[in-house]
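In this text the structure is predicted, and so the values were computed from the model without any measurement. For this chain, numbers begin at 1 and follow the sequence in order.
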Amino acid sequence: MTERDVLLRAHGITKAFEEERGAAKTVLDGLDLEIHRRSLVVIRGESGCGKSTLLRLLGLVDPDFEGSLEVCGTRVTGNGQALSAAETEDLRSRHIGFVFQDDLLLPLLNLQENSELPARIHRLPKPRISERLGRLQELMFRPEEIAEGVMRRRRTNVSGGQRQRAAILRALSHGPDLILADEPTASLDPQRKSKVIDLFKQLCRAGATILVASHDSIFRDVGETYELAEGKLTRVHAETERSEETPDDGARPESFCAPEENGHRARRLRGCPPGLQVKIAFREALGNLLFAFMIVAAMAAGLFQLTLLWSVQAGTQLVLDDVINKGSRLDRVEVAAKAQPDETTNGGLPSVEVLAELAN
């Protein structure tokens with residue numbers, strides 16, 4: 001095993017939550033974990049033991065922890081080094097894919113559009129997206145399912161297993177190095193669970209790296225298995241298939257390589273494309289006719305109010321102009337003459353007779 005094969009290395013990971021009265025509860029207590037490329041790693045444990053918390057830390061979603069974490073050769077925290085929020089987001093978006101317990105597929109998009117979403121957010125060329133997803137769909141779905149157009153259906157029109165496989169396809173679409181799966185079989189029947197495990201093994205043999213967190217007994221002795229209990233991580237089963245079924249030369253099939261490894265330099269995450277946002281908004285409006293009617297009615301009422309105000313203002317101005325042009329008193333200013341001063345008061349001039357009687 002070479003240093004190049006180590007995809008993720010965690011050392012001394014500690015996480016505590018504050019409880020009532022300021023007490024702290026330690027969920028993860030100094031965990032050490034190494035994940036190698038093309039391997040299937042399973043973390044088992046009872047509900048509430050901290051499996052999802054550990055996935056959030058390893059997936060660079062929760063930065064509040066103690067210890068050292070290195071992902072794809074980049075040190076995220078530890079030894080006084082830490083990435084900025086933007087650098088962490090960029091690292092997570094390019095190298096890590098998530099499969100959630102609930103598929104979390106967007107209901108307004110069909111399975112094809114859902115699976116393309118991460119790649120479109122990364123602005124990968126459309127021919128490249130079609131080429132990558134075409135190969136992956138052959139692993140995820142049976143030929144008869146593809147022929148029946150399962151990828152053109154929305155999540156409400158497909159089975160739970162098909163939704164879960166579409167969620168896995170979405171996680172793989174932009175070529176991440178690591179897939180994190182949180183309880184991927186929780187809502188599936190036993191037959192579907194077995195198919196998901198077979199699919200994970202097939203993906204790992206093809207070049208993917210998968211970390212599963214689950215309390216499902218079906219993952220017992222699958223891949224490299226760890227048990228999480230009381231904040232401690234203990235290996236209970238070592239992987240035996242990897243060295244026999246996969247090459248150890250660091251090479252991976254093109255289907256699972258990161259975008260920059262295939263001649264397409266990964267671009268910084270820039271959000272959902274505007275065209276896709278408009279499509280989602282349009283479908284949302286069509287999907288809720290009452291909501292669309294209320295929007296149209298509100299726009300019509302607003303336009304009517306603006307038209308009414310403009311009409312009143314314009315009509316008032318025309319009336320005033322007409323009255324003034326007909327010679328009304330509105331354009332005249334009258335100035336009243338000042339009354340003559342009273343000569344007998346101190347404020348007026350004395351008469352000639354009064355002046356003649358004055359000496360000198």
Hey, could you give me the NE2/CD distance between His215 and Glu183, rounded to the nearest 0.5 Å?
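That separation rounds to 5.0 Å.
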Interatomic distance, CG@Asn114 vs CZ@Arg155, rounded to 0.5 Å, equals 9.0 Å
Identify the two heavy atoms, one from [X] and one from [Y], that lie closest to each other, and give their separation to 0.1 Å.
X	Y	value
Asp29	Thr14	C-OG1, 4.2 Å
Ala166	Phe141	N-CZ, 4.0 Å
Met151	Ser115	CE-OG, 3.9 Å
Thr209	His36	CG2-O, 3.4 Å
Ala208	Leu172	CB-CD2, 4.5 Å
His174	Ile96	NE2-O, 3.7 Å

Are Ile218 and Val222 joined in one hydrophobic group, where the rule is that I, L, V, M, F, W and Y side chains link up if heavy atoms are under 4.5 Å apart?
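Yes; tracing contacts between hydrophobic side chains, which count when under 4.5 Å, links both residues.
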Applying a strict under-4.5 Å side-chain criterion to I, L, V, M, F, W and Y, I'd like to know whether Leu228 and Val236 cluster together.
no
Between Arg220 and Thr225, is the side chain to side chain donor-acceptor pair (under 3.5 Å) condition met? List the steps.
CA-CA 7 Å; Arg220 188 182 301 274; Thr225 308; over 6 Å; no
Result of checking Arg165, Gln162, Arg163 against Asp103 for side chain to side chain contact (heavy atoms under 4.5 Å, CB included)
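With Asp103 as partner, Arg165, Gln162, Arg163 yield a single side chain to side chain contact (heavy atoms under 4.5 Å, CB included), made by Arg163.
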Side chain to side chain donor-acceptor pair (under 3.5 Å), that's the test. Do Gln313 and Gln317 meet it? Break it down for me.
CA-CA 6 Å; Gln313 189 271 340; Gln317 186 65 43; 4.7 Å; no
Arg128 and Glu131 ion-paired at < 4.0 Å:
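Glu131 and Arg128: salt-bridged.
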I'd like to check Leu108 versus Arg154 (side-chain heavy atoms, cut-off strictly below 4.5 Å). Are they in contact?
yes
Would you give me the side-chain donor-acceptor pairs under 3.5 Å for residues 51-63, sequence neighbours excluded?
residue: Lys51; atom: NZ; partner: Gly45; partner atom: O; Å: 3.1
residue: Lys51; atom: NZ; partner: Glu46; partner atom: O; Å: 3.1
residue: Ser52; atom: OG; partner: Asp182; partner atom: OD1; Å: 3.4
residue: Ser52; atom: OG; partner: Asp182; partner atom: OD2; Å: 3.0
residue: Asp62; atom: OD1; partner: Asp64; partner atom: N; Å: 3.1
residue: Asp62; atom: OD2; partner: Lys15; partner atom: NZ; Å: 3.0

Please enumerate all residues that pass salt bridge (Lys or Arg N to Asp or Glu O under 4.0 Å) together with Glu144, with sequence neighbours excluded.
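Partners of Glu144 under the salt bridge (Lys or Arg N to Asp or Glu O under 4.0 Å) test: Arg142.
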